[in-house]
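Letters go in sequence order (proteins before strands), and every chain restarts at 1. Note: hydrogens, waters and symmetry copies are ignored here, and every other heavy atom, side chains too, is used. Just so you know, these numbers come straight off a predicted model, no measurement behind them.
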Amino acid sequence: MAGIQEVYDLVAKGKAKVVAGAVQEALDAGCDPTELLNKGMISAMDEVGAKFKAGEIFVPEMLVAARAMKKGVEVLKPHLATGVAGAAGKVVIGTVAGDLHDIGKNLVAMMLESAGFEVIDLGVDVAKEKFVEAVEANPDTKIVCCSALLTTTMPALKDAVAALNEASFRSQIKVMVGGAPITQEFADEIGADAYTEDAASCAQRAKELVA
Amino acid sequence: MLTAKQNFLETIKPDGKPDRLLKQYEGTAFFPPNPASAYIRGNRHRGMEPLKDRFGTTILWPENQVAAMPHVTAENKVIKEITEWKEELIMPDLAANCSDPAQWEPFIKQAEELRAKDQLVMAFMPTGVFERLHFLMGFEDMLMNFLLEPEDMKELCDAIGEYRYQYMKLIVDYIKPDVMLSHDDWGSKNSLFVNPDTWREFIKPQYMKTYGYMKEKGVIVMHHADSFMEPIVEDMVELGIDIWQGVLPENDIPKLQKQLNGKMTLMGGIDASIVDRSDSTEEEIRKEVRRACEAYGPGGHFIPCITYGGPGCLFPHVDPIIDDEIGRYNKETYGI
């Protein structure tokens with residue numbers, strides 16, 4: 001449908017000022033809201049993520065696309081059945097105890113939202129118990145993402161993952177880790193399910209993990 | 001055998017003849033204090049209460065953190081709307097507050113004392129133009145504003161570039177450092193933060209005058225960025241950068257050595273995530289340092305070093321082992 005394609009193009013190009021109008025027009029023309037979300041917006045963000053991973057675009061282009069999608073979702077949300085926005089699943093995210101860095105964590109949260117996840121952002125300096133409590137308070141959580149930027153907070157990341165691994169709900173969730181000093185090897189060593197090296201890869205991997 | 005200072009100078013000359021690899025910052029004396037820094041940054045120390053720097057950015061340094069860091073939120077950011085930046089930002093006035101020669105005298109004396117010990121005095125310019133932008137408006141706003149409001153961003157970049165030129169000029173004119181360690185991180189470990197053309201349009205011009213002045217005055221320009229920056233290395237050479245400090249092993253260092261052919265020295269190459277950990281063993285540290293020396297030493301114009309923006313690892317057991325392993329490599333490879 002032309003309406004869906006137009007929304008797709010506007011999101012991919014980051015045209016936040018006009019995307020809301022295009023979404024409304026598509027709805028008025030009879031587009032299915034869920035299809036508009038999935039094929040018009042989330043698919044557009046998939047393309048944006050793929051281009052980022054291929055080095056064709058950079059973080060700013062990804063950010064403006066996500067911002068455009070957010071504007072479109074604002075218009076779409078009243079028309080969606082409860083739970084359709086964020087239907088990919090619920091993600092709990094935070095930077096681990098003793099670490100105040102949030103740039104990478106915020107980019108990941110934004111890309112996860114754009115991939116259709118509902119994100120519960122616990123912020124920075126998050127104690128391991130808080131990650132566990134957040135999942136207990138949100139039993140439908142699918143993924144927990146923990147970030148650490150410094151080598152000094154790698155032990156806190158290890159502790160957070162250990163706390164999650166010991167929790168009774170562990171088999172129901174996936175644990176993802178990231179941050180500048182983190183490697184696949186370290187992720188394996190501490191018992192995380194996945195490590196990705198950038199925000200776009202994280203969103204892609206998260207979708208695979210809950211598929 | 002060359003002194004450390006002589007060896008440093010030989011290492012960075014395009015046709016130099018160093019006789020061994022330097023041990024990280026060997027040959028230099030890191031000398032960050034000066035009146036301009038104190039005026040802009042305030043009295044920062046571990047465990048301090050949050051403070052605002054002269055730009056109005058909130059700076060935190062809690063007891064459990066290894067360094068001070070900006071704390072930029074939607075509520076406290078200095079520039080909330082880029083189109084209003086001239087109303088929202090009061091640029092610090094260095095000329096009015098840091099130009100009294102009497103303020104500089106004790107620092108000039110200290111620098112001379114360091115120089116008398118046969119060391120290269122290395123002054124410090126933290127918080128580069130790119131970094132200042134996100135200190136002022138947050139990282140996401142900054143990145144989006146490059147695309148959405150390019151004219152205002154360019155004006156703001158120019159204003160910060162001019163401020164930083166004045167900051168540098170005070171240090172160079174008064175302290176006359178041999179080396180300037182200048183910070184600006186332009187990428188993550190795998191990618192530049194912005195398209196190279198965006199960097200060339202907004203950021204690169206801010207360094208032409210500043211680094212050009214230092215070259216005129218014979219100051220060695222050491223630019224710190226622990227980032228992936230392969231796409232802009234030729235631009236860095238053009239800016240007059242003598243040493244790229246912080247080069248991460250994620251960059252193809254041997255390829256860059258061939259490409260640069262001595263036009264810029266690469267300093268770094270040691271993976272901090274392996275060596276600088278509370279639980280890193282001597283064996284692990286030696287292995288990583290040896291890897292870096294063997295992989296990048298033969299290519300020349302390389303200084304093995306931790307990739308942080310100043311001397312010193314976070315954990316005290318690490319540096320002595322790094323330096324000792326470089327020494328062992330030198331003994332085995334160069335016989336000294």
Side-chain angles (χ1 to χ4, degrees), chain A residues 13-17 51-68 70 97-107 109-111 123-125 148-158 178-187 189-190 196-201, chain B residues 59-73 134 138-150 153 185-199 202 226-228 230-231 248 250 271-280 306-308 313-315 318:
Chain A
K13 288 176 187 160
K15 302 289 183 190
K17 286 179 186 162
K51 281 187 173 172
F52 173 79
K53 281 183 73 178
E56 291 171 34
I57 61 167
F58 291 78
V59 183
E61 289 83 357
M62 208 159 73
L63 281 171
V64 294
R67 174 172 163 270
K70 211 168 182 173
D99 199 325
L100 302 177
H101 295 85
D102 65 358
I103 290 172
K105 185 264 297 171
N106 291 347
L107 292 177
M110 181 207 71
M111 285 305 287
V124 297
D125 193 12
L149 187 89
L150 302 168
T151 58
T152 47
T153 51
M154 287 167 78
L157 180 63
K158 184 178 179 179
I182 310 306
T183 58
Q184 182 64 57
E185 191 184 6
F186 184 72
E189 185 187 314
I190 64 175
T196 54
E197 61 183 19
D198 57 61
S201 308
Chain B
I59 306 293
L60 305 179
W61 195 348
E63 194 62 50
N64 66 348
Q65 296 297 303
V66 292
M69 59 182 297
H71 179 61
V72 184
T73 66
H134 64 81
F139 205 75
E140 288 141 67
D141 279 10
M142 172 192 70
L143 292 180
M144 287 196 284
N145 285 335
F146 282 126
L147 300 183
L148 302 173
E149 301 292 349
M153 278 297 272
D185 270 321
W186 294 322
S188 69
K189 65 180 179 181
N190 323 102
S191 167
L192 287 170
F193 286 128
V194 298
N195 186 306
D197 290 336
T198 305
W199 177 85
F202 291 91
D226 47 347
S227 319
F228 177 86
E230 284 184 20
L248 294 173
E250 281 81 359
D271 191 333
S273 70
I274 295 173
V275 302
D276 199 16
R277 291 164 55 165
S278 60
D279 60 351
S280 56
I306 197 77
T307 52
Y308 303 149
C313 287
L314 302 175
F315 296 100
V318 180

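- Heavy atoms of other residues, nucleotides or ligands lying less than 6.0 angstrom from NZ of B/Lys189 number more than 12.
- Contact of B/Met144 with chain A is made through backbone and side chain together, with heavy-atom distances under 4.5 Å.
- Proximity to chain B (any heavy atom under 4.5 Å) is shown, for A/Glu185, by neither the backbone nor the side chain.
- Looking only at heavy-atom pairs under 4.5 Å with chain B, the residue among A/Thr152, A/Asp102, A/Leu100 that has the most is A/Leu100.
- Within the 4.5 angstrom heavy-atom criterion, no atom of A/Ile57 approaches chain B.
- Using a 4.5 Å cut-off on side-chain heavy atoms (C-beta onward), A/His101 and A/Thr153 make no contact.
- Note that the CD1 atom of A/Ile190 and the CE atom of A/Met154 stand 8.0 Å from one another [nearest 0.5 Å].
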For A/Phe52 and A/Asp198, what are the C-alpha separation, side-chain angles and deciding distance, and is it a side-chain contact (heavy atoms from CB on, under 4.5 Å)? CA-CA 10 Å; A/Phe52 173 79; A/Asp198 57 61; 3.6 Å; yes
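- The CE atom of B/Met153 lies 10.0 Å from the OG1 atom of B/Thr198; values are rounded to the nearest 0.5 Å.
- Interface remark: B/Ile274 contributes no atoms to any contact with chain A (heavy atom separation under 4.5 Å).
- Rounding to the nearest 0.5 Å places CG of B/Leu147 at 14.5 Å from NZ of A/Lys13.
- Atom OG in A/Ser201 sits 9.0 Å away from atom CE in A/Met111 (nearest 0.5 Å).
- Between chain B and the residues A/Pro181, A/Ala16, A/Pro60, the most heavy-atom pairs under 4.5 angstrom are made by A/Pro60.
- The parts of B/Glu140 that come within reach of chain A are both its backbone and its side chain, each placing non-hydrogen atoms under 4.5 angstrom from that chain.
- Of all the listed residues (B/Leu248, B/Val194, B/Asp276), the one sharing the greatest number of non-hydrogen pairs under 4.5 Å with chain A is B/Val194.
- Chain B forms more heavy-atom pairs under 4.5 Å with one residue of A/Asp125, A/Leu107, A/Thr183, A/Leu63 than with any other, namely A/Leu63.
- Here the closest heavy-atom approach between residue B/Val318 and residue B/Ser280 is recorded as CG2-OG, 4.1 Å.
- In this structure, no portion of B/Pro70 lies under 4.5 Å from any heavy atom of chain A.
- Note on A/Ile103, A/Val59, A/Asp99: by heavy-atom pairs under 4.5 Å with chain B, the leading option is A/Ile103.
- Contact of B/Asn190 with chain A is made through the side chain alone, with heavy-atom distances under 4.5 Å.
- Going from atom CH2 of B/Trp199 over to atom CH2 of B/Trp186 covers 5.0 Å, rounded to the nearest 0.5 Å.
- Comparing B/Leu314, B/Leu192, B/Asn64 by how many heavy-atom pairs each has under 4.5 Å with chain A, the most go to B/Leu192.
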